[in-house]
Each structure stands twice: as structure tokens, then as C-alpha cells.
Amino acid sequence: MKTTIHELLEKNAVLKEETIYFLEKDEINHFPMTAGDFFQIESKDKWKKESWVENLFQKKLQIKEQDPAYQELLHGVKKIKELIGRIKNADPKGYGHMAQLRSLRFAKKSMEHAMEELRLTYQWEINQEMEQAYGIWDRKLFVYKNTVCLGSFEDLVRQVPAFHKVEHNWIRKTPLLLRNIRAIQEAVANKIPMGLVGGPCLFGLYEVEILVQHKDGSRFSYDFSSGHYYDKADQKTFGFADHIRQYPDNIESIHFITRKKGITSQEEDSLAILFDVGAALGAKVAVIIPDISYLKYLSSVIAPLDPAMKEQTIREFRTEAHKIADMYLNRVEELKKQYEDVEVFVLHDRNEEACRIFHQSREAYFQNSGLIRRMTAKREKADAVFDYISMLAFPYYLWKTPQVIQVDNLDETDSYRKCSKVHKEAFSLSAILYSDKLSKNGEQTIFNAPLQYKGYV
């Protein structure tokens, strides 16, 4: 479903002036995003930690709190607390100092009340300053899937000026879905090691066809990405997985036809932006090429087949998957030459050491098998979902970076949420997500478009 910030505002009957989008350029507010109907308008109170406006507000408040009058009260409260502590140490029950303690507590309460009055005054003054400067009233914002906040590249720059160094112009012109950006700000300020993670899907709709031949000579054709009939890949028709479950004894062979002609502009950008952001932030980059997940998915689907046929099918698909992965690996090598100072590591099926680190490191976080069952209802996709959740943690597994930043498309919103939930406090995970590009026909995303509209670079 295509939508824009402008359409979302109209649909929710919210004035632009009441939101952070009052400051956005028209090209951002009218940019066609490919997202489902998962946006909700929220007030600044619930999501204030995710808003650059609130971040700026807090910075201004910290400056105002350096006022001598406030600092004198703050120092006074501290001295009284210290004195009360010394009295309590000498006389734990306070029987011998009741009057003095009562007087000190009264003075402390009066000072704290005066501090709160000053803070309210400061907040009122800052609100006036910001309303005059930005014209924003209530500062509402949209939240996608109750997980990431709808913003823009300018929001990133306002909080983390280092993003100014990012050179790719396309990311400046599209809305972004953001989460935990303040953690990036703190990581940059305190020189905390950071790792970036992202990369393209292996292939999209119509790019790999599955040919299933029965022993009676009948043939069936499926799209690998959707699992549906190849000529109706975007329709919810009888699927490949159902076919295998129903006719395992009838199948004579399974073959694959790769029609992917190269890297699309979407896939190119998903690689290049990792290097660009890595250079801007001084972060290490983990590129994920998910051929291992596609292989696991296929293995699960064809589990009912004869062992020899399963082995042959996996062997043939691995050959095709590696051909496609090589397209990305070659581009990664070119980007390495362009960004010589960026440390890069690629996770893919043929990198045995990377796969070992990946699988061993995640075990501690996925020991509860019930956890995976709750994360997907489709048994044949469980292993692949397992991968997509844990792949976001790969920079932490590999480098133990305390700060990990996912730079990816908005389809990975669920992966972000689940990865954060599974890994809890092991590391800080931030998200910078962008909408998929539209194909040449302007109707579908590049991933979903027929071959003639893919736009290979």
C-alpha cells in the first residue's frame, strides 16, 4: 500500500502544524512510501525519547539549569542531604536530633519546591522559544507498527551532526523510520564502538522460478520468493510448500531458473548506504547476504521428499544462490576500494568462519524453542525467521560492539523489534529504516515488480 505523510495527516484529521512534519520539506511529506496500514499518530509524551524536538528541548533545559539561582538551590539540597546522612550515621533512629532533622527536611523540601518552580519557568520559556523558532504546537508524530517513529534524514542530523557526512542524496529525500537515535548520539559523543548491519534480500519476486515435475509428466511452476504460481506471484494461490506436503511421492524432480539480471537500484543503495554511514560515523560494517536463510527455508519445505532428491535439490539451488550472492560480493569489493577506511565483514553461506561465529554466538539467546514458535506460525519459515532476527545482532556477535545500528528497509521493522526483545540488554540496537523504492511502472516496489520493471543497474 502506497501512502505519504500528507495522506496520513489527512486520514488522521491532524493538522501538520501540530506535528514534527511541519518542519519537513514538501518532497518528504509527499514522498510515496510503500507501507501497510500500520501507522498510528502518537503524542510526544509516549515517544519523547525518540523525537529530535524533545532531545533539543532537554539540551536547552540543561543549559538553563546552569543558572546560578538553580545551581545554588541544587548545591543547598546536596549539602542538606549530606548533613542528614551524617546525623543518621551517628544517631540511626534520630531521637537525639529530632528538631534539627525536622528543620533540615523542611528546608530541603522548600528548596526542592523552589527548584521545581524554576524548572517550570525554564520549560515555559523553552516552549516559547521553540514555538517561535519552529512553529510546532503539540509535536505529534507517526509511529509504525508501534516500533519505529516516522521522521527524516534531517531528524538524524539534528541529533547526530556526523550524519552530515553521508553523501548519498537519495536518503535525504525519503522519509525514514527511526528508533533509539539518542543512543547513536551518545555513542558518537563518547566514542563508543558501533557496528552497522544491513544488506539486500537475496532476490525478489519473478527472479527465481521453481520447476516441479511429477512422475506422470505434469509440471508446475512456482515463484521462489512468494511461493505462489510463477505467473501469479503476487496472488495468494496454491503454494509451493503445500504442493510438497501433498504430493511428496509424486515428484520426480525440482529445478530452478534464475532470471535475475543483476543488482537493482534498491539493492545497490542498500549496500552503498552501509559504507557511507560507516564512514560518517566511524563504525564497522556487517553486510548480510541471506543465502544461508534461503537454503534453510528450502530445506524445511522439501523435508518430506526422498533424501537423494532433497540433496540434489539443495545442491542445485545452492549453485544458483551463490551466483546471485556473487553479484553482491563483487559490488562489496568495489565499495571496499571506495571506502578504504571502513572495516567490513560479510556474512554469507560460503564464509564458513562467519557462519560458525553466527550460529555459535546466537545459541545463548535462542535456547527456548517456544520463543521461535511464538515468532512465526509457519513451521517451514521458522529457521529463516530465526536467522533474520539474529542476523541484526551479528556486529555484536562478531565485534562485541555495544552499539548496533540497523540500516535497512522498513520491511525489517518486525526483525528489529524481535531482535531487541530476544537480546534484551546485551547491546543497544538502533534503527534507520527506509521505504522500498518504486519500480519503473510506479506501482509496485522493485522487490515485487515484474522483471521488465525491476530497474537493474
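The structure displayed is predicted, hence computed values, not measured ones.
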Tell me which one of L150, L177, L176 satisfies side chain to side chain contact (heavy atoms under 4.5 Å, CB included) with L433.
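Of all the options given, the one that passes is L177.
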
Do we see a donor-acceptor contact under 3.5 Å between the side chains of [X] and [Y]?
X: T445; Y: D436; value: no
X: N409; Y: S270; value: no
X: H359; Y: E363; value: no
X: E267; Y: Y328; value: yes

Do [X] and [Y] have side chains that get closer than 4.5 Å, going by heavy atoms?
X: L205; Y: Q444; answer: no
X: I389; Y: Y365; answer: no
X: E353; Y: R356; answer: yes
X: F275; Y: V332; answer: yes
X: M115; Y: R119; answer: no
X: V166; Y: F153; answer: yes
X: F57; Y: Q123; answer: yes
X: D37; Y: K11; answer: yes

Which is it for K64 and D67 under the salt bridge (Lys or Arg N to Asp or Glu O under 4.0 Å) test, yes or no, and what are the steps along the way?
CA-CA 6 Å; K64 284 188 176 290; D67 179 73; over 6 Å; no

Minimum heavy-atom distance [X]-[Y], with the two atoms named:
X: V197; Y: P395; result: CB-CG, 3.7 Å
X: A393; Y: C419; result: N-SG, 4.1 Å
X: A69; Y: L118; result: C-CD1, 4.2 Å
X: S152; Y: I28; result: CB-CG2, 4.3 Å
X: G198; Y: D408; result: CA-OD2, 3.8 Å
X: V342; Y: G278; result: CG2-C, 4.2 Å

Mark yes or no for whether [X], through its side chain, and [Y], through its backbone, hold a donor-acceptor pair below 3.5 Å.
X: E207; Y: G204; answer: yes
X: K454; Y: S439; answer: no
X: D223; Y: Y206; answer: yes
X: N330; Y: D326; answer: yes
X: T34; Y: S435; answer: no
X: N180; Y: S428; answer: no
X: S420; Y: Y416; answer: yes
X: H30; Y: D26; answer: no
X: Q266; Y: K437; answer: yes

Would you compute the distance between atom [atom1] of [X] and atom [atom2] of [Y] and round it to the nearest 0.5 angstrom?
X: I171; Y: K173; atom1: CD1; atom2: NZ; result: 13.0 Å
X: T401; Y: I192; atom1: OG1; atom2: CD1; result: 11.0 Å
X: T413; Y: L410; atom1: OG1; atom2: CG; result: 5.5 Å
X: Y456; Y: T264; atom1: OH; atom2: OG1; result: 7.5 Å
X: D155; Y: I432; atom1: CG; atom2: CD1; result: 11.0 Å
X: F106; Y: L101; atom1: CZ; atom2: CG; result: 15.0 Å

SB check K109 E112 (cutoff 4.0 Å):
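Salt bridge flag = no for E112 with K109.
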
Ionic contact status for D414 with R417, cut-off 4.0 Å:
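Answer for the salt bridge query: yes.
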
Can you tell me if [X] has over 12 outside heavy atoms packed within less than 6.0 Å of its [atom1]?
X: N89; atom1: CG; value: yes
X: K2; atom1: NZ; value: yes
X: E352; atom1: CD; value: no
X: Q128; atom1: CD; value: yes
X: Q40; atom1: CD; value: no
X: Y453; atom1: OH; value: no

Is the terminal nitrogen or CZ of K16 (NZ for Lys, CZ for Arg) located under 6.0 angstrom from the six-membered ring centre of Y21 and within 45° of that ring's axis?
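Verdict for Y21: no cation-pi partner in K16.
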
Is the positively charged end of K400 above the ring of Y396, judged by distance under 6.0 angstrom from the centroid and angle within 45° of the axis?
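Here K400 passes the 6.0 Å and 45° test against Y396.
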
Given Q406, R179, Q403, the one that forms side-chain hydrogen bond (donor to acceptor under 3.5 Å, both in side chains) with S430:
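Result: among Q406, R179, Q403, Q403 is the only option passing the side-chain hydrogen bond (donor to acceptor under 3.5 Å, both in side chains) with S430.
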
Which is it for Q452 and N441 under the side chain to side chain contact (heavy atoms under 4.5 Å, CB included) test, yes or no, and what are the steps along the way?
CA-CA 9 Å; Q452 64 267 35; N441 65 6; over 6 Å; no

I288 and Y388: side chain to side chain contact (heavy atoms under 4.5 Å, CB included), yes or no, with the steps?
CA-CA 10 Å; I288 307 297; Y388 276 102; over 6 Å; no

side-chain hydrogen bond (donor to acceptor under 3.5 Å, both in side chains) contacts touching residues 271-291 (sequence neighbours left out)
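Listed once each, the pairs are H168-D276.
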
Sequence neighbours left out, what pairs pass side-chain hydrogen bond (donor to acceptor under 3.5 Å, both in side chains) with at least one residue falling in residues 70-82?
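Residue pairs passing side-chain hydrogen bond (donor to acceptor under 3.5 Å, both in side chains), neighbours aside: none found.
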
Measure up the [X] and [Y] rings against each other and bin them: parallel (under 30°), tilted (30 to 60°), perpendicular (over 60°).
X: F345; Y: W399; result: perpendicular
X: Y397; Y: F358; result: tilted
X: Y144; Y: F39; result: tilted

Salt bridge (Lys or Arg N to Asp or Glu O under 4.0 Å) partner of E334, the single match among R331, K337, K336
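Only match with E334 under salt bridge (Lys or Arg N to Asp or Glu O under 4.0 Å): R331.
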
Check step by step if side chain to side chain contact (heavy atoms under 4.5 Å, CB included) holds for I446 and S265.
CA-CA 8 Å; I446 291 175; S265 59; 3.3 Å; yes

Starting from the C-alpha separation in whole Å, work towards a yes-or-no answer on side chain to side chain contact (heavy atoms under 4.5 Å, CB included) for F163 and I184.
CA-CA 11 Å; F163 277 104; I184 304 176; 4.3 Å; yes

